[in-house]
Amino acid sequence: MEDMYHADRAMSTQQDIKIKADKVQVYYADNHAIKDVDVEIADKTVTAFIGPSGCGKSTFLRCLNRMNDTIDICRVEGDITIDGEDIYDPKVDPVQLRAKVGMVFQKPNPFPKSIYDNVAYGPKIHGLARNKAELDEIVEKSLRKAALWNEAKDRLTAPGTGLSGGQQQRLCIARAIATAPEVLLMDEPCSALDPIATAQVEELIDELRQSYSVVIVTHSMQQAARVSQKTAFFHLGNLVEYDDTDKIFTNPEDSRTESYISGRIG
Amino acid sequence: MQSLTLPFIAIAGLAVLGYFLAKSRALQVSEGDIRKLVSLPSQHALNAVLATIVPAVAAILLISLYVRLTDGTGSWFFQFVVIGLAVTGLALSLIGIKTETRARTFAERWILGLLIFASTIAILTTIGIVFSMLFETFNFFGQYDWRDFFFSTNWSPNFRGNSDLGIIPLLWGTLYISFIALAFAVPVGLFAAIYLSEYAGPRMRSVAKPAIEVLAGIPTIVYGLFALITVGPFLRDYFAAPMGFGQSASSVMTAGLVMGVMLIPFVSSLSDDIINAVPQAMRDGSLGLGATKSETIRQVVVPAALPGIVGAVLLAASRAIGETMIVVLGAGAAARLSLNPFEAMTTVTVKIVSQLTGDTDFASPETLVAFALGLTLFVITLGLNVLALYIVRKYREQYE
Ligand SMILES: Nc1ncnc2c1ncn2[C@@H]1O[C@H](COP(=O)(O)OP(=O)(O)O)[C@@H](O)[C@H]1O
Ligand SMILES: [Mg+2]
């Protein structure tokens, strides 16, 4: 464990910054939900957002792929850049952005289509495959990456909604991977899953780190400790503390962080 | 039914009397302290009212059914039985009032009985309709060959006998007009529903939805007038005549389009509910993959809602098939087998009406054919409704 920790430390220092947020404010009508958040999220790293319910974790996550644009009353201020490019620039098409920044939701939400069509959905929309053979290949590769290929390969034409909860969530991950994103956002991806499915998804998240920058919201501190290298603690819309996961859980600087991880607030 | 006036008045009077008697008796039993009572005085009163009304009214209905079936007349004996039941119910409930009487639970049982009774009436009526139709239809087929009815392409009733009563031209008119109506109403209604549920803001929605639903409240005779004086002449002068399709203002097209307008709220309001029932998570999932709004609607929302939409369309279809007024005024009353949509045609329902109006003799095939037509129509719409229900139910299972 100790070795791994140092290895991660060493890795993260040489990593590039993938996402940079600067003085981000989010309002839902008059409700100031995110206050002055600055954060730098590294590439090829799992970053966890933790904090009590309603503190704005999902809201901030949804800023990163502009999903908040779909909520009428929501207003975002400040700068968010991905690879140095301002994603709220008027020139940026949020639709294109969301292909680059994939998202996995709290409750598995496969479309009521076949497993194959679920995964092929994004590639078809964005024209990622020139022919059926290439599409087949993308589907297989995505399902393999999501550790679902062995279970699904014989039933690709069966409806995705017929899978178990854990399989459905891995299907949603495969679906997100299929559009070749650079960042994967996950909003409490395990909260609707049983412990075994949770363990499988966590293992998967750890592997996804090889290829993507992963941001995961979780209400489980154990989960944050298990899968992430960096952890951000949110409280009442503020980013209270952001540091290496081990530091946050062993030696937090802010007293609110300490209260939260020791179970006194939340 | 004159003989039933007295029992009804008597029952109503007894019920009112029972209400006050039960209330005062409950107070008297409690010796002024209602905390001693298991049930409140008003609950005793409700119990007394129900005990007076329910058995007596049930008896009235049974008796009138019996009188109708046996062709007898309601005698003083029946009135006596009915009033006797009401008095007995009242008396028993009054005697039963003691401090420990659980009038609340008794009232509960009467109410349950009332509800069961109400639902039985609805079911029995349906069965009754089917049987009366069946009965007359059998009479008809006793006098007229069923093969001629179902397969003859000629409809020309002749009240001196020797008529041709083929259903095919009428069914053709029915299906042709319904088809045009649906071809108009389904796309328009569906697009309106998609706009309302996916694009319109709350303010727009709160105005537009009721505005569309107003269409559903317009009596069909008013639609018929609209077809007769506006749509028909318009289609004739601007389409049929210049294009050489004929000179008729009454046409399949006129009736079909106006009926389509009538069906729009049907399709749009059902589809709107169904589209709204598609979980937001589906849309988020699709938008999160970088799909645009219309891609999401086309590829995720509508396919997910499709079974329900099909159900809505089938329900609209059975409305269209059963519609009469718009057809009479918009398409005329001439039975004809033709492909030209600008020609006058007519439908099964219109002919049912015309065979039963005027001087009729309920024994001739020319009149009885109306029942055979009605039953055929009933079977078709029933089939559509069953299909619609089946599809809608199957769709429900997907999300629960
Ligand atoms: N769609 C929305 N409309 C209005 N207010 C919202 C919406 N989503 C979240 N909020 C508000 O924003 C705040 C943060 O919510 P959220 O980001 O969901 O918190 P978390 O994910 O940390 O539990 C809460 O006060 C919540 O009420
Ligand atoms: Mg949340």
Side-chain angles (χ1 to χ4, degrees), chain A residues 58 61-62 64-73 93-114 117-128 142 159-162 168-169 171-181 184-187 192, chain B residues 190 194-209 271-312 390-400:
Chain A
S58 302
L61 192 75
R62 292 162 60 94
L64 303 181
N65 67 346
R66 294 186 60 175
M67 274 301 271
N68 283 331
D69 291 17
T70 63
I71 300 171
D72 292 331
I73 56 167
D93 178 4
V95 168
Q96 290 304 323
L97 172 74
R98 290 184 201 132
K100 205 165 97 171
V101 184
M103 185 154 200
V104 176
F105 297 83
Q106 182 165 359
K107 233 179 108 205
N109 59 348
F111 304 133
K113 300 174 182 289
S114 72
D117 287 338
N118 261 285
V119 183
Y121 184 82
K124 272 188 194 159
I125 282 181
H126 300 291
L128 300 185
S142 310
T161 42
Q168 284 188 14
Q169 195 60 302
L171 178 62
C172 293
I173 293 173
R175 189 174 72 181
I177 292 173
T179 59
L184 265 183
L185 309 177
M186 301 187 170
D187 193 350
Chain B
L190 192 56
I194 288 175
Y195 171 71
L196 283 181
S197 58
E198 301 288 324
Y199 289 93
R203 204 174 316 144
M204 181 67 197
R205 198 180 146 83
S206 68
V207 175
K209 204 170 147 81
S271 305
D272 182 45
D273 292 346
I274 292 157
I275 289 173
N276 273 325
V278 173
Q280 184 59 31
M282 294 290 128
R283 297 183 186 90
D284 287 346
S286 172
L287 294 173
L289 289 168
T292 63
K293 205 159 178 172
S294 80
E295 283 165 346
T296 301
I297 292 167
R298 226 173 332 124
Q299 305 197 26
V300 175
V301 178
V302 171
L306 196 60
I309 292 171
V310 171
Y390 169 77
I391 291 174
V392 169
R393 189 160 306 158
K394 207 170 147 190
Y395 153 81
R396 288 236 168 92
E397 285 168 0
Q398 262 187 359
Y399 288 121
E400 284 166 14

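Just so it is clear: chains get the letters A, B, ... in the order the sequence lines come, proteins before strands, and each one is counted from 1. Note that these values count all heavy atoms, side chains included, but never hydrogens, waters or copies made by symmetry. Note that the coordinates shown come from a computational prediction; the quantities given were computed from them, not determined experimentally.
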*asked:* Can you list everything that forms a side chain to side chain donor-acceptor pair (under 3.5 Å) with A:T70? Sequence neighbours excluded, please.
replied: none
List the atom pairs, donor and acceptor, that lie under 3.5 Å between side-chain atoms in residues 97-111 of chain A and the rest of the protein, sequence neighbours left out.
{"residue": "A:R98", "atom": "NE", "partner": "A:N65", "partner atom": "O", "Å": "3.2"}
{"residue": "A:R98", "atom": "NH2", "partner": "A:R66", "partner atom": "O", "Å": "2.8"}
{"residue": "A:Q106", "atom": "NE2", "partner": "A:S191", "partner atom": "OG", "Å": "3.4"}
{"residue": "A:N109", "atom": "OD1", "partner": "A:R175", "partner atom": "NH2", "Å": "3.0"}
{"residue": "A:N109", "atom": "ND2", "partner": "B:A281", "partner atom": "O", "Å": "2.7"}

*Quick one: which residues of residues 195-206 of chain B reach chain A at under 4.5 angstrom, heavy atoms only?*
none
*Kindly write out the residues that satisfy side chain to side chain contact (heavy atoms under 4.5 Å, CB included) with B:V207, not counting sequence neighbours, or none if the list is empty.*
none
Do you know the tightest heavy-atom contact between [X] and [Y]?
| X | Y | answer |
| --- | --- | --- |
| A:M67 | B:D284 | CE-O, 3.5 Å |
| A:H126 | B:G290 | CE1-O, 3.1 Å |
| A:K113 | B:Q299 | NZ-O, 2.5 Å |

